[in-house]
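Data block below; observations after.
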Amino acid sequence: MKNEELFYNPFKMLSPKLTGEIEHMEGLYEKPVSDELSLQEGLLVMTSKLIEMCRMLSKCIVTGSEAQMARCESFANEIRAQEKILTKELLESDLKGKLMKGLIRFPYRLERIAEMLESILHCCRVKAASGTPFSEKAHSELDQIFTVLMEMMANLRDGFRAPNRVILEAVIAGGKKAAQLIEDAKLAHWERLEAGFCSVDSSSMFRAILDSAKSANEYLVKLADTLLLLASETTVPKETPAEAGKSATL
């Protein structure tokens with residue numbers, strides 16, 4: 001999603017600009033954990049890993065592929081490791097006040113989303129091992145939810161790259177859509193259970209997946225809300241006359 005309605009980028013307080021290679025989002029999920037990434041770069045990498053993890057999980061629910069599930073677990077571990085690095089660097093930085101309180105929550109919340117997806121991964125493994133089936137309707141409901149979550153993650157990643165009010169508000173709108181889809185899926189599920197169309201085992205797993213998706217959705221909305229607030233409230237550093245002249249010549 002692209003829009004030119006940019007506003008202040010709070011990440012520039014830590015890193016003036018991104019490296020050239022980070023401009024390319026394709027395959028960013030393959031980037032290894034590193035203490036050389038800036039906060040902004042680290043968040044982009046973490047979010048890219050979440051998108052890929054979510055994409056693979058949506059398939060694992062159907063296929064039960066152990067290779068894909070193992071890859072998802074690897075992504076979760078990488079996200080967890082990157083979170084520790086970024087949080088430590090933030091704590092050692094000179095940031096204070098609202099900016100610090102806001103930014104330090106970003107790595108943690110992305111790590112929490114990974115935890116929620118890891119809970120879904122556990123359900124996938126139990127489902128595959130037990131051979132417990134889901135109905136076509138249940139798979140369709142989950143497909144819709146995963147699609148919206150991935151769209152939200154992609155927009156949030158764009159927001160991390162260049163904070164944009166329209167993109168971040170799209171994440172929040174996506175959150176409302178995802179919340180409604182999850183609630184509708186829960187209600188439809190209870191109707192299927194009461195009608196005898198699904199087993200107790202499949203019911204337990206399906207509800208656990210929906211609960212984890214709900215928590216992941218709430219964290220995504222919190223991230224967008226916080227970035228909107230920081231970008232709106234952070235004071236833009238004033239350029240010195242020399243800096244202003246230099247900028248005009250670039």
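- Counting only heavy atoms from C-beta outward, the side chains of Phe146 and Ile61 approach each other to under 4.5 Å.
- Phe106 places none of its side-chain heavy atoms less than 4.5 Å from the side chain of Leu110.
- Here Lys84 does not pair with Asp35 in a salt bridge; the nearest charged N to carboxylate O distance is not below 4.0 Å.
- Partners of Glu141 under the salt bridge (charged side-chain N to carboxylate O under 4.0 Å, His left out) rule, at least two apart in sequence or in another chain, are Arg192.
- Ring orientation note: the planes of Phe134 and His139 are tilted relative to one another, at an angle of 30° to 60°.
- Of all heavy-atom pairs spanning Glu169 and Leu228, the tightest one is CG-CD1, 4.1 Å.
- Leu210 places a side-chain heavy atom less than 4.5 Å from the side chain of Leu142.
- Residue pairs meeting the side chain to side chain donor-acceptor pair (under 3.5 Å) criterion with at least one member in residues 142-154: none, sequence neighbours excluded.
- Without hydrogens or angle criteria, Ser48 side chain to Leu44 main chain gives a donor-acceptor distance under 3.5 Å.
- In terms of heavy atoms, Asn164 sits closest to Val166 at OD1-N, 2.9 Å.
- Under a cut-off of 6.0 angstrom, the local environment of NZ in Lys186 is crowded, with over 12 non-hydrogen atoms contributed by other residues, nucleotides or ligands.
- Glu89 has its side chain within reach of Leu86: a pair of non-hydrogen atoms, C-beta onward, lies under 4.5 Å apart.
- Ile79 and Ile85 are members of different hydrophobic clusters when ILVMFWY side chains are connected at heavy-atom separations under 4.5 Å.
- A side-chain hydrogen bond (donor to acceptor under 3.5 Å, both in side chains) with Thr226 is found for exactly one of Lys101, Arg109, Arg105, namely Arg109.
- Taking the six-membered ring where the residue is Trp, His189 and Phe206 present tilted rings, their angle falling between 30° and 60°.
- Annotation: salt bridge (charged side-chain N to carboxylate O under 4.0 Å, His left out) contacts of Arg80 (sequence neighbours excluded): Glu111, Glu115, Glu118.
- The salt bridge (charged side-chain N to carboxylate O under 4.0 Å, His left out) analysis of residues 49-58, with sequence neighbours excluded, yields the pairs Lys49-Glu78, Glu52-Arg55.
- At most 12 heavy atoms of other shown residues, nucleotides or ligands fall within 6.0 angstrom of atom NE2 in His122.
- Remark: Lys177 engages no residue in a salt bridge (charged side-chain N to carboxylate O under 4.0 Å, His left out) (not counting sequence neighbours).
- Between the Asn217 side chain and the Gly175 main chain, a donor and an acceptor come within less than 3.5 Å of each other.
- For the pair Ile209/Ile145, no side-chain contact is recorded, criterion being any heavy-atom separation below 4.5 Å from C-beta on.
- With a 4.5 Å cut-off on side-chain heavy atoms, Cys124 and Leu57 count as touching.
- With sequence neighbours left out, Glu66 forms a salt bridge (charged side-chain N to carboxylate O under 4.0 Å, His left out) with Arg125.
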